[in-house]
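These notes are about the structure you will find just below.
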Amino acid sequence: DIWEFVTWYSAFSFSEAVCVNKFARETRDVARKHGMNILNIERYKKAFDRYDLNSNGVIEFNEFKNIITDLLKIPTGLDLPQERV
């Protein structure tokens, strides 16, 4: 019945379960579990994903080196000495 749908829609149309994908819900659950700001966690995850080039969920040495290179603003073409990484 249409009124049942309207009632459901008005109650749940903006709920996290409807508006947010499964991965984002899991990220938000982690943030809540640890008492952290959800927006910060989503920002951290986005940054992590930007450097996790092979999408394996781990920052490997070369990916870490890219993070350090960006953070230290090392010009393109120059390399950070191995002993500094």
Verify same cluster id: [X], [Y] (apolar side-chain graph, 4.5 Å):
X	Y	answer
F61	I74	yes
Y44	L39	no
I68	L78	yes
I67	L72	yes

| Salt bridge between E42 and K46, side-chain N to carboxylate O under 4.0 Å? | no
| query | Between K65 and D79, is any pair of side-chain heavy atoms under 4.5 Å apart? | reply | yes
How long is the gap from [atom1] on [X] to [atom2] on [Y], to the nearest 0.5 Å?
X	Y	atom1	atom2	value
R50	K45	CZ	NZ	13.0 Å
T7	W3	OG1	CH2	8.0 Å
Y51	N62	OH	CG	14.0 Å
L71	N66	CG	CG	11.0 Å
I41	T27	CD1	OG1	8.5 Å

Answer yes or no: is there a donor N or O on one side and an acceptor on the other, between the side chain of [X] and the main chain of [Y], under 3.5 Å?
X	Y	answer
E63	E60	yes
D29	K33	no
D52	I59	no

| task | Can you establish whether the number of heavy atoms outside F48 located under 6.0 Å from its atom CZ is more than 12? | result | yes
| Looking only at heavy atoms, which two atoms of R28 and V20 are closest? And how far apart? | NH1-CG2, 3.5 Å
| message | The test is side-chain contact (heavy atoms from CB on, under 4.5 Å); show your working for I2 and V6 and say whether it passes. | response | CA-CA 6 Å; I2 188 69; V6 169; 4.2 Å; yes
